[in-house]
Number of protein chains: 2
Amino acid sequence: MASIKDVAAAAGVSVATVSRVLNAHPSVSADARTRVLAAVEALGYRPNAVARSLRTDQTHTLGLVISDVLNPYFTELARSVEEEARALGYSVIIGNADERPDLQDHHVRNLLDRRIDGLLVSPTDGGSPLMLDAARAGTPMVFVDRWIPGVDVPVVRADGRAAVRDLVAHLYGLGHRRLAIIAGPAATTTGSERVEAFREAMAEYGMPLPDAYTGQGDFQAESGRRVTEGFLDLPRPPEVVFAADNLMALGALDAVRARGLRVPDDIALAAFDDIPWFVHTDPPVTAIAQPTGELGRAAVRALVDRIEGRVPRSVTLPARLVVRRSCGEPAPAAAPPAQSPSPVQRSTS
Amino acid sequence: MASIKDVAAAAGVSVATVSRVLNAHPSVSADARTRVLAAVEALGYRPNAVARSLRTDQTHTLGLVISDVLNPYFTELARSVEEEARALGYSVIIGNADERPDLQDHHVRNLLDRRIDGLLVSPTDGGSPLMLDAARAGTPMVFVDRWIPGVDVPVVRADGRAAVRDLVAHLYGLGHRRLAIIAGPAATTTGSERVEAFREAMAEYGMPLPDAYTGQGDFQAESGRRVTEGFLDLPRPPEVVFAADNLMALGALDAVRARGLRVPDDIALAAFDDIPWFVHTDPPVTAIAQPTGELGRAAVRALVDRIEGRVPRSVTLPARLVVRRSCGEPAPAAAPPAQSPSPVQRSTS
DNA sequence: GCAGAGCATGGAATCGATTACATGGATGTC
DNA sequence: GACATCCATGTAATCGATTCCATGCTCTGC
């Protein structure tokens, strides 16, 4: 592969001049410029990004460590992150942690070794020493979706409290009183927050959330299945299961179906995170939708602000309830996106 | 960030010795080794992968350019690719082409500039000059899922011919005679092949495939919706719609639902590419399942063989039909994975 | 006509690693 | 005891870019 030396030789100039042409430095004669450009063209020369990065100490690359690529929520997030980054002149390297702290560390280390300019993380756990050190050492970093409390890093996330309250109101209105939740890992903020919000909203309606009705999941489908089976085995099973993410909802659906039961007649179901497929499941699933694309874009903007010396800002956007049929409401006929407005409209910071 | 010089200074040795310790070179005294290791630990030193790559001309990185991250088929592929690569000591950088040739070129160029060791591509089109040049120039490369005819690059893919034949037999057996297909872009091999296989299988049963029943899609949901609407507007709409990928099937489902029609009573639906959600759609969707994980792993093995000087082999694995209820077969009660065996069992090369 | 400014250019240092080669000391062989 | 081997180590070249600095030339202004 041709290097800058080959171009210089072919154009009859020094490597310095070639570099100047390539970097749009003003002090280059028109003649030299055309000769260099011709040589570049003739040789099919492309600058070696590795060498350039070594010299300039910038890679123009962002690292994105997400918890699970198979989760449609995260793939949508990844897509919007890449899009915005590209628009700002950065590339993105994605690391999939698969909800495993060891894998998360593997990817963080790998990205750090590659000297990425900044790191976008949706942490799988409370923060390994590696990640905490990186944050302390001043690696430009932004948390997205989930975050680690006590670490001084901007956070871009959705606030689901209001939407969860809307959901509980919706369920209460339909006559449901025994609500259960499949929680995410307590070590993640989204894991604990969603349970908290659910519990508080239930309290407002005078409904307790017994331990037997809070199952521990890990954001993966299999755990949703397992926890739901536990609920169904209870002497007095819940009337509603609220899954803290879409994959656990899929698992719950599997479990209900395996017993030959029907949603919502035998048991109602709701989920955090809305995805296109929820419109077409049997029945369509009531879910809390996050502004995923906006989240990804805002996170990139915050990170790039930090990298380029501006002051990054944390961002919190509201999530909203999308009512469908899985909790028992009569079907709103067959209109496609089937999003009835939230029962109560609240705004969030 | 500490460099190898800092470590050398701290350990009281030369950088060469540090490098030797780090690369497990045999000629290092036990004493020097422990001092270096201690210095590494104390400084939290991590080798700079950029510098290392520049010197060794290897990045231990594979590029993966896929057609669409939002397609669950490709995210599963990406996941298995990353897994196998990691097991073999490589990282993966993913580029999402979004079915756009210009974006595909952008990513290929970016990956080439980064001097990745090899490229895994699922081409969105017939091959840009850039990609053809890269292949000719000897960049280690493997095509996965889709490929470009006439280019001397190993291909790892699934053969769906037998499964498509099984599908047509299944449809015929259910009494369907007017079958339509939503094809993928003709520029992609999977786009044209699936139509070919469908047409041939239909011919075996004496059924023609009129032009009005072959809609042109682009593997994205929106095109599935549009084409399906066209089918439904026909004076004599088809009895079955076969979508050449899962996203177009989702779009088709949207279109059918928007008209207040029901699957399979009003129109039957089948799809290429099986995904977990198809079990829970209304109704569960009959689909052709590819051995996605195996495909990804085989592709990585082939590419790494090529990179490390061994001879890479093309691999073709059979796809198989998974019958569910969307084409009208009576429901096989409520057993979860609901996979009845293929009507006819054939093996493929 | 000359000083000073400004421009185009090249030489060489530099980034952080790896590695060929040189060196000096210890060990082994006959 | 002399010489060859081998081992541990250091010096310096190298990968492909960017960029500081020096140089020589052309203008401009007085």
Side-chain angles (χ1 to χ4, degrees), chain A residues 1-40 43-61 89 91 109-117 137, chain B residues 1-40 43-61 89 109-117:
Chain A
M1 187 149 274
S3 81
I4 196 170
K5 269 189 209 151
D6 304 315
V7 176
V13 297
S14 72
V15 294
T17 299
V18 176
S19 177
R20 286 191 194 99
V21 171
L22 265 26
N23 294 285
H25 185 103
S27 272
V28 180
S29 68
D31 176 55
R33 186 186 319 278
T34 52
R35 291 217 312 281
V36 168
L37 259 18
V40 164
L43 296 172
Y45 169 75
R46 294 248 80 212
N48 183 327
V50 175
R52 192 198 291 254
S53 292
L54 177 61
R55 182 61 235 252
T56 61
D57 202 31
Q58 312 181 33
T59 49
H60 275 279
T61 302
S91 336
R109 203 183 326 268
N110 180 28
L111 292 165
L112 256 23
D113 285 355
R114 287 166 183 275
R115 302 301 194 261
I116 44 133
D117 293 341
Chain B
M1 189 149 271
S3 83
I4 196 170
K5 268 190 208 150
D6 303 316
V7 176
V13 297
S14 73
V15 295
T17 300
V18 176
S19 178
R20 280 191 272 259
V21 171
L22 265 25
N23 293 286
H25 186 101
S27 271
V28 180
S29 67
D31 177 54
R33 185 185 321 278
T34 52
R35 291 219 310 284
V36 167
L37 259 19
V40 164
L43 296 171
Y45 169 75
R46 295 246 80 211
N48 183 327
V50 174
R52 193 199 290 255
S53 292
L54 177 60
R55 181 61 235 250
T56 60
D57 203 31
Q58 311 181 33
T59 50
H60 275 279
T61 302
R109 202 182 329 266
N110 180 28
L111 292 166
L112 254 25
D113 285 355
R114 287 167 183 274
R115 303 300 194 263
I116 44 134
D117 293 341

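Protein chains get the first letters and strands the later ones, always in sequence-line order, with residue 1 at the start of each. Reckoned from all heavy atoms, side chains included, excluding hydrogens, waters and symmetry mates.
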* Would B/D113 and B/R109 count as a salt bridge (Lys or Arg N to Asp or Glu O under 4.0 Å) if you check the C-alpha gap in whole Å, the side-chain angles of each, and the deciding distance to 0.1 Å? -> CA-CA 6 Å; B/D113 285 355; B/R109 202 182 329 266; over 6 Å; no
Remember a base hit wins even if backbone is also touched, and classify [X] as base, sugar-phosphate or nothing at under 4.0 Å, heavy atoms.
X: B/D57; value: nothing
X: B/V50; value: nothing
X: A/S29; value: sugar-phosphate
X: B/A49; value: nothing

* Asked: Is it true that a side-chain atom of A/S19 and a backbone atom of A/V15 form a donor plus acceptor pair closer than 3.5 Å?
  ->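 Flag not set: sc A/S19 to bb A/V15 has no pair under 3.5 Å.
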* Considering just the side-chain nitrogens and oxygens of A/T17, establish if one lies under 4.0 Å of OP1 or OP2 belonging to C/dG10. =>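 Yes, within the criterion.
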* Asked: How far does OG of A/S53 sit from CD1 of A/I116, to the nearest 0.5 angstrom?
  ->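 If I round to the nearest 0.5 Å, the distance is 12.0 Å.
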* **Sole candidate of B/D117, B/L54, B/V50 that passes side-chain contact (heavy atoms from CB on, under 4.5 Å) when paired with B/T59** =>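 Checked B/D117, B/L54, B/V50 against B/T59; only one passes side-chain contact (heavy atoms from CB on, under 4.5 Å): B/D117.
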* **A/N110 and A/R114: side chain donor to acceptor below 3.5 Å** =>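 There is such a pair between these side chains.
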* Which comes earlier along DNA chain D counting from the 5' end, the contact point of A/I4 or that of A/R20, where each point is its nearest nucleotide? ->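 Looking at DNA chain D, the more 5' nearest nucleotide goes with A/I4.
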* To do: Taking heavy atoms of chain A and a 4.0 Å limit, find me the 5'-most and 3'-most nucleotide of DNA chain D within that range.
  =>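 Nucleotide range with atoms under 4.0 Å of chain A: D/dC15 to D/dC20.
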* To do: Could you walk me through whether A/V40 and A/L22 pass the side chain to side chain contact (heavy atoms under 4.5 Å, CB included) test, one step at a time?
  => CA-CA 10 Å; A/V40 164; A/L22 265 26; 4.3 Å; yes
* Any idea which of C/dA12, C/dT18, C/dA13 is nearest the A/R55 side chain? ->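 In terms of side-chain proximity for A/R55, the closest of C/dA12, C/dT18, C/dA13 is C/dA13.
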